[in-house]
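Accompanying notes for the structure given below.
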Amino acid sequence: MSLLSTQAWSAGFALNEQSIKSMGMTQAGRASTAADPTTLFSNPAGLTQLSGTQMSGNATFIYAPADIENVKASHAGTNNGDMIPPTWVGSGFISHQMNDNLTVGVGNYAPFGLSTNYESSFQGRFFGDKSKVKVIAIQPTIAYKINDNFSVGLGLSASKIEGLLSAAVAPIPSNPSLEVMGDDISFGYNLGLLWKLDEQTRVGFNYRSETEYSLEGTTKVFNFPVNGAYLNYDASLDISTPATIEVSISHQLNSDTNIHASIGLTQWSVLENLIIKNQNAPSNFATITEELHWEDSWAYSVGADWKSGHGVTYRAGLGVDNTPVTDEHRSVRVPSEDRTVLSLGLSYPFNDKMSIDAAYMFLKEKTAHIDRVKGAGNSGVTYSADYKGVAHLIGAQLNMKF
């Protein structure tokens with residue numbers, strides 16, 4: 001249920017814009033740097049590296065133009081592309097050092113999300129029109145320094161998911177359409193470990209748990225079987241957001257330069273199908289199924305940061321992210337392919353208590369081919385096309401120490 005912009009730097013519909021410092025290095029080393037309170041998301045154990053009370057808040061603007069080419073379809077329509085609205089993503093974090101060994105914190109962030117909206121005359125509307133998923137999480141966290149070289153951290157997250165899916169129902173004169181909405185609240189956890197191998201090298205490990213949701217909401221059917229008709233059913237959908245595993249390493253080359261690397265696994269295979277159940281609905285709407293058959297995916301990144309003589313820190317990174325979507329089941333809701341990511345960033349200290357981070361990220365996705373078939377005979381619909389997309393992300397973060 002996503003497109004290029006909705007996940008920005010993680011295939012599927014994950015969001016990874018919680019740290020602008022990490023964004024400037026394409027997320028390289030984000031589980032091992034522990035530079036500010038945003039480590040609460042990427043590795044809770046990193047909180048032990050922060051002194052006093054600190055706060056970080058950020059926002060990222062995402063713009064992802066897309067082109068649809070080489071279209072072949074059974075029914076007429078348009079293919080304007082650029083179905084991804086410009087989007088803002090923000091988060092906030094605070095940490096407090098209780099003593100030399102114990103640090104606590106809390107974060108508010110969006111771990112998953114998407115928003116796509118095709119034009120009403122979209123030629124592939126029978127396979128998807130609007131798709132929207134929003135997940136907001138609050139995570140209280142505790143971290144403990146076992147010794148000077150090893151720390152552990154644990155965060156417990158409460159998250160709310162809201163979702164909307166819509167599509168055209170059938171190619172008949174009344175132009176019927178269907179819209180499903182629902183929400184739920186659930187809980188998960190985030191476990192982190194941080195090793196200091198020597199004075200120059202850190203290794204970080206982070207595990208974010210799968211979170212299971214049981215959405216309750218409504219299914220609305222418009223103009224079926226005739227114009228003006230309206231049907232409404234209580235709907236339910238069970239869905240999970242995937243567990244993630246990440247390992248990072250950061251190494252100090254000299255007093256001004258650090259290099260970083262990360263490898264991450266997202267267990268998207270928890271998403272087999274979307275099965276929406278509608279109470280007291282006729283057989284044609286009682287169960288609505290969209291096949292996904294996603295696979296686990298890997299992401300890799302390398303990056304570096306270096307300090308200038310004027311106190312400014314510069315960053316750069318390069319990454320590769322593999323899509324969880326298989327060629328056979330790629331749909332207009334998920335025209336995702338493997339992508340390459342390049343980023344640049346910097347930090348500027350106003351004084352000892354306040355600093356700002358900024359970053360720019362560019363994503364280029366391989367051409368994604370879609371070939372979908374639904375039904376048979378005169379009532380059947382087909383749609384095939386090539387999707388080409390890029391994304392531009394610009395983010396800023398304010399950091400304060402007390």
Side-chain angles (χ1 to χ4, degrees), residues 1-7 13 62-88 113-134 162-183 215 217-233 235 237 274 276 278 281 284-285 288-292 325 330-336 368-375 378-391:
M1 297 185 298
S2 73
L3 290 175
L4 181 68
S5 78
T6 61
Q7 79 292 24
F13 56 97
I62 305 172
Y63 171 64
D67 294 320
I68 304 174
E69 301 177 352
N70 305 318
V71 178
K72 296 179 181 179
S74 58
H75 293 77
T78 59
N79 297 276
N80 293 342
D82 292 347
M83 54 284 183
I84 307 163
T87 304
W88 285 94
L114 73 92
S115 180
T116 63
N117 189 0
Y118 289 91
E119 67 273 19
S120 60
S121 57
F122 172 51
Q123 202 164 4
R125 59 192 177 277
F126 302 103
F127 300 95
D129 178 16
K130 296 179 183 178
S131 303
K132 186 175 182 179
V133 172
K134 181 180 179 181
E162 298 176 352
L164 180 150
L165 297 174
S166 71
V169 173
I172 59 178
S174 63
N175 296 316
S177 63
L178 177 147
E179 182 180 87
V180 183
M181 295 182 291
D183 58 56
L215 280 73
T218 59
T219 293
K220 299 178 181 179
V221 184
F222 305 93
N223 302 323
F224 186 85
V226 296
N227 279 320
Y230 173 75
L231 304 172
N232 188 51
Y233 308 107
L237 166 67
L274 294 178
I276 301 164
N278 298 309
N284 52 337
F285 296 122
I288 301 170
T289 302
E290 289 196 20
E291 294 185 351
L292 297 179
V325 180
R330 186 176 293 113
S331 74
V332 300
R333 295 196 193 279
V334 197
S336 175
H369 181 70
I370 292 172
D371 192 359
R372 306 303 297 161
V373 178
K374 180 187 294 184
N378 294 332
S379 62
V381 292
T382 63
Y383 182 80
S384 68
D386 292 329
Y387 280 67
K388 296 182 178 180
V390 298

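All heavy atoms count here, side chains included; hydrogens, waters and symmetry mates do not.
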Quiz item: Going from CG on N80 to OH on Y118, what distance comes out if it is rounded to the nearest 0.5 angstrom?
Solution: 11.5 Å
Quiz prompt | Considering all heavy atoms, the nearest Y63-P86 contact | solution = CD1-CG, 4.3 Å
Exercise. Mind checking the OG-CG spacing from S331 to D371? Nearest 0.5 Å is all I need.
Key: 12.5 Å
Exercise. Supply the atom-to-atom distance T78 OG1 to R125 CZ, rounded to the nearest 0.5 angstrom.
Key: 8.0 Å
Quiz item: Listed by chain and number, what are the side chain to side chain donor-acceptor pair (under 3.5 Å) partners of R330, not counting sequence neighbours?
Solution: D327, E337
Quiz prompt | Any residue meeting side chain to side chain donor-acceptor pair (under 3.5 Å) with E179, in chain and number order, not counting sequence neighbours | solution = none
Self-check item: Heavy-atom check, side chain of V169 versus side chain of F285, under 4.5 Å
Solution: yes
Quiz item: Taking all atoms of both residues into account, what is the closest heavy-atom pair of P335 and I370, and its distance?
Solution: CB-CD1, 3.6 Å
Quiz item: G228 and N223: which non-hydrogen atoms are nearest, and at how many Å?
Solution: N-OD1, 3.0 Å
Quiz prompt | Gap separating the NZ atom of K220 from the CG atom of N232, nearest 0.5 angstrom | solution = 6.5 Å
Self-check item: V381 side chain reached by P171 side chain, heavy atoms, under 4.5 Å
Solution: yes
Practice problem: List for me each residue that meets side-chain contact (heavy atoms from CB on, under 4.5 Å) alongside N175, sequence neighbours excluded, and say none if there are none. | Solution: none
Quiz item: Distance from T218 atom OG1 to L231 atom CG, nearest 0.5 Å?
Solution: 12.5 Å
Quiz item: Partners of N79 by side chain to side chain donor-acceptor pair (under 3.5 Å), sequence neighbours excluded?
Solution: Q123, Y383
Self-check item: pair N117-D129: side-chain heavy atoms closer than 4.5 Å
Solution: yes
Quiz item: Just by modelled atom types, is the D386 backbone N or O under 3.5 Å from a matching donor or acceptor in the N70 side chain?
Solution: no
Quiz prompt | Atom pair CZ (F224) and CG (L178), whose distance is rounded to the nearest 0.5 Å | solution = 10.5 Å
Exercise. Please report the closest heavy-atom contact between T382 and S74, naming both atoms and the distance.
Key: N-OG, 2.8 Å
Practice problem: Taking all heavy atoms of N278 and all of T219, pick out the closest pair and write down the distance. | Solution: OD1-OG1, 2.5 Å
Exercise. Check each of T116, L292, L165, V325 against R333 using the side-chain contact (heavy atoms from CB on, under 4.5 Å) test, and report the only one that passes.
Key: L165
Self-check item: Residues which pass side chain to side chain donor-acceptor pair (under 3.5 Å) with K388, listed by chain and number, not counting sequence neighbours
Solution: E69
Quiz item: Listed by chain and number, what are the ring pair (Phe, Tyr, Trp, His ring centres under 6.0 Å) partners of F127, not counting sequence neighbours?
Solution: none
Quiz prompt | Taking every non-hydrogen atom, the tightest pair across P85 and S115 | solution = CD-O, 3.2 Å
Exercise. Please test Y387 against V332 for side-chain contact (heavy atoms from CB on, under 4.5 Å), starting from the C-alpha separation and ending with a verdict.
Key: CA-CA 9 Å; Y387 280 67; V332 300; 3.8 Å; yes
